[in-house]
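Below: the structure, in structure tokens.
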There are 2 protein chains.
Amino acid sequence: MSRVLVVDDDPQLLRALRITLRAAGHEVVTAADGRTALHEAAAAHPDVVVLDLGLPDLDGTEVLAGLRPWFSGPVLVLSARGDSHDKVAALDAGADDYVSKPFDMSELLARLRALLRRGAPEVDEPVVRTAHFTVDLAARQVTAGGVPVRLTPTEWALLSELVRAPGRLVGQRQLLQTVWGPAYEKETNYLRVYLAQLRRKLEPDPAAPRYLRTEPGMGYRFTP
Amino acid sequence: MSRVLVVDDDPQLLRALRITLRAAGHEVVTAADGRTALHEAAAAHPDVVVLDLGLPDLDGTEVLAGLRPWFSGPVLVLSARGDSHDKVAALDAGADDYVSKPFDMSELLARLRALLRRGAPEVDEPVVRTAHFTVDLAARQVTAGGVPVRLTPTEWALLSELVRAPGRLVGQRQLLQTVWGPAYEKETNYLRVYLAQLRRKLEPDPAAPRYLRTEPGMGYRFTP
DNA sequence: ACCGGTCTTGACGGGTTCCTGACGGGGCCG
DNA sequence: CGGCCCCGTCAGGAACCCGTCAAGACCGGT
């Protein structure tokens with residue numbers, strides 16, 4: 001039916017979840033720490049992620065932050081802490097639901113059903129190609145002419161935001177907000193500087209942009 | 001920002017929710033029983049519904065059942081009962097989230113943010129075609145004969161306002177207000193200048209407008 | 001402490017867009 | 001027939017936006 005990635009460091013709970021989810025007709029992939037969670041998410045392309053916040057290596061919110069830039073499906077967060085402050089933080093970090101331990105298994109399944117029902121109609125094609133370069137959203141890698149291109153974190157954030165909406169215009173306010181934060185809405189300088197760098201690295205002729213076009217006064221557009 | 005329909009029979013809680021939601025930047029519509037809830041939902045077109053299960057006239061699940069066939073936005077259910085059986089029933093009846101009373105207000109707001117972030121799937125067909133040009137509202141792009149047409153921000157704002165109401169007359173006051181702001185209600189000059197530019201870019205014969213027609217003394221009309 | 005890479009910030013020239021006023025034509029009404 | 005209102009057109013200057021460059025701040029690793 002659908003593929004679920006379960007991330008938890010408790011082997012017993014992991015086992016219980018695996019059995020229950022499989023009985024409910026799901027395909028199950030598991031990870032016991034944050035690093036493998038991110039790796040598995042990129043490799044297995046799950047439809048939904050169940051994420052425990054208490055992991056041995058990374059903080060759960062870090063996993064969430066690593067997931068969100070490219071993973072568009074729902075994320076259900078599990079946590080031993082029922083503090084409402086934690087809930088708000090996790091939800092605002094990109095989680096779609098938050099369940100406190102101990103939880104009722106049938107409720108968890110119902111919440112997963114509710115999340116999957118809203119099913120992402122978005123085709124999860126995490127790799128975008130043009131005649132001159134390729135962007136792999138999941139692997140966070142860009143290649144031009146077969147050669148990998150080095151991008152700084154900011155450059156990547158900007159490019160992925162544009163590439164995720166192929167052909168659509170992305171307003172400068174939206175770009176500034178998602179890449180730098182809501183406080184930088186007016187700093188259109190940044191866009192000019194970083195768009196120039198991206199064009200220098202990706203465009204065949206940076207002076208005459210073909211893929212990263214600018215719409216004066218409105219924003220930028222990636223056209224494949 | 002977005003419109004929230006709150007359904008609850010407790011006037012005190014209703015008041016608290018109205019104040020808090022409005023402070024968070026939402027537009028709030030309220031209903032105290034199931035019948036008016038269904039009526040308001042149809043009339044006000046809310047983006048999200050907060051629904052208390054304990055209503056005087058109808059059972060909350062009945063309201064949910066009456067809502068779901070046509071309302072595609074998210075529904076967050078409130079309930080005094082924290083029983084997991086109730087939760088499963090409500091979620092499987094079409095609810096997107098379930099919060100037990102008493103609840104923490106900041107958590108409720110965060111859950112609403114999470115639901116709204118998933119954005120309502122736009123049922124509207126955001127692309128308008130004529131024999132000579134095409135307007136894609138979502139991508140913010142206009143093409144004439146397959147070739148993209150460059151529009152300035154003001155031109156686009158004006159065109160999209162007209163195209164959003166195909167065949168209907170749009171008053172000059174409304175155009176001036178939404179494009180330039182409420183202070184420019186009398187500057188009908190602007191409309192003349194920019195309509196001329198749009199016609200020059202889109203009409204096959206700008207001197208004899210076929211799509212962007214003017215209704216003397218009233219406003220303009222886009223006829224596909 | 002040094003150093004390389006990255007991010008911020010400021011300034012400048014060239015091009016575009018916006019606003020504004022003026023002019024002429026056409027329809028409506030007295 | 002004449003006056004008035006409304007609309008379309010044009011052009012010029014001011015304001016704005018973009019691309020570019022370069023220097024300083026910041027940060028992490030050595």
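Here is the naming used below: chain letters follow the sequence lines, and residue numbers restart at 1 for every chain. Below, all heavy atoms of this structure are taken into account, side chains as well, without hydrogens, waters or symmetry copies. All figures in this text were calculated on a predicted structure; none of them were measured in a lab.
- For the salt bridge (Lys or Arg N to Asp or Glu O under 4.0 Å) test, no residue two or more places apart in sequence or in another chain qualifies with B/Glu203.
- Legend: residues meeting side chain to side chain donor-acceptor pair (under 3.5 Å) with A/Gln197, ordered by chain and number and at least two apart, are absent.
- No salt bridge links B/Arg3 with B/Asp47; every basic N to acidic carboxylate O contact stays at or beyond 4.0 Å.
- Proximity of residues 153-161 of chain B to DNA chain C (heavy atom under 4.0 angstrom from any strand atom) is restricted to B/Pro153, B/Thr154.
- Rounded to 10 degrees, the angle separating the terminal helix axes of the helix from C/dA1-D/dT30 to C/dG30-D/dC1, each built from five base pairs, is 30°.
- Distances shorter than 4.0 Å separate none of the side-chain N or O atoms of B/Tyr190 from OP1 or OP2 on C/dC18.
- As rounded to whole Å, 13 Å separates atom P of C/dT6 from atom CG of A/Leu198.
- Using a 4.0 Å cut-off, no side-chain N or O of B/Trp180 falls inside it from OP1 or OP2 of C/dC18.
- In this structure, A/Phe222 has no ring-ring contact (aromatic ring centres under 6.0 Å, His included) partners at least two apart in sequence or on a different chain.
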Checklist outcome for this item: B/S/- along nucleotides 8-30 of chain D (protein heavy atoms under 4.0 Å) is BBB------SBBBB---------
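- Taking only side-chain nitrogens and oxygens, B/Tyr194 comes nearer than 4.0 Å to OP1 or OP2 of C/dC19.
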Contacts under 3.5 angstrom, residues 177-184 of chain B side chains, donor-acceptor by atom type, not counting sequence neighbours:
| unit_1 | atom_1 | unit_2 | atom_2 | d |
| --- | --- | --- | --- | --- |
| B/Thr178 | OG1 | B/Gln174 | O | 3.2 |
| B/Thr178 | OG1 | B/Leu175 | O | 3.4 |

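- Sorted pairs that involve residues 138-153 of chain B and meet side-chain hydrogen bond (donor to acceptor under 3.5 Å, both in side chains), not counting sequence neighbours, are lacking altogether.
- Remark: A/Arg150 is not in phosphate contact with C/dG5, judged by side-chain N or O atoms under 4.0 Å from OP1 or OP2.
- Under the side chain to side chain donor-acceptor pair (under 3.5 Å) criterion, B/Glu40 pairs with no residue, sequence neighbours left out.
- For residues 182-199 of chain B, no residue pair satisfies the salt bridge (charged side-chain N to carboxylate O under 4.0 Å, His left out) rule, not counting sequence neighbours.
- No more than 12 heavy atoms of other residues, nucleotides or ligands shown are found within 6.0 angstrom of CZ on A/Arg35.
- Under the rule for a ring-ring contact (aromatic ring centres under 6.0 Å, His included), B/Tyr220 has no partner lying at least two apart in sequence or in another chain.
- In this structure, B/Glu187 places its CD atom 14 Å from P of D/dC7, rounding to the nearest Å.
- Scored by the ring-ring contact (aromatic ring centres under 6.0 Å, His included) test, A/His39 finds no partners at all (sequence neighbours excluded).
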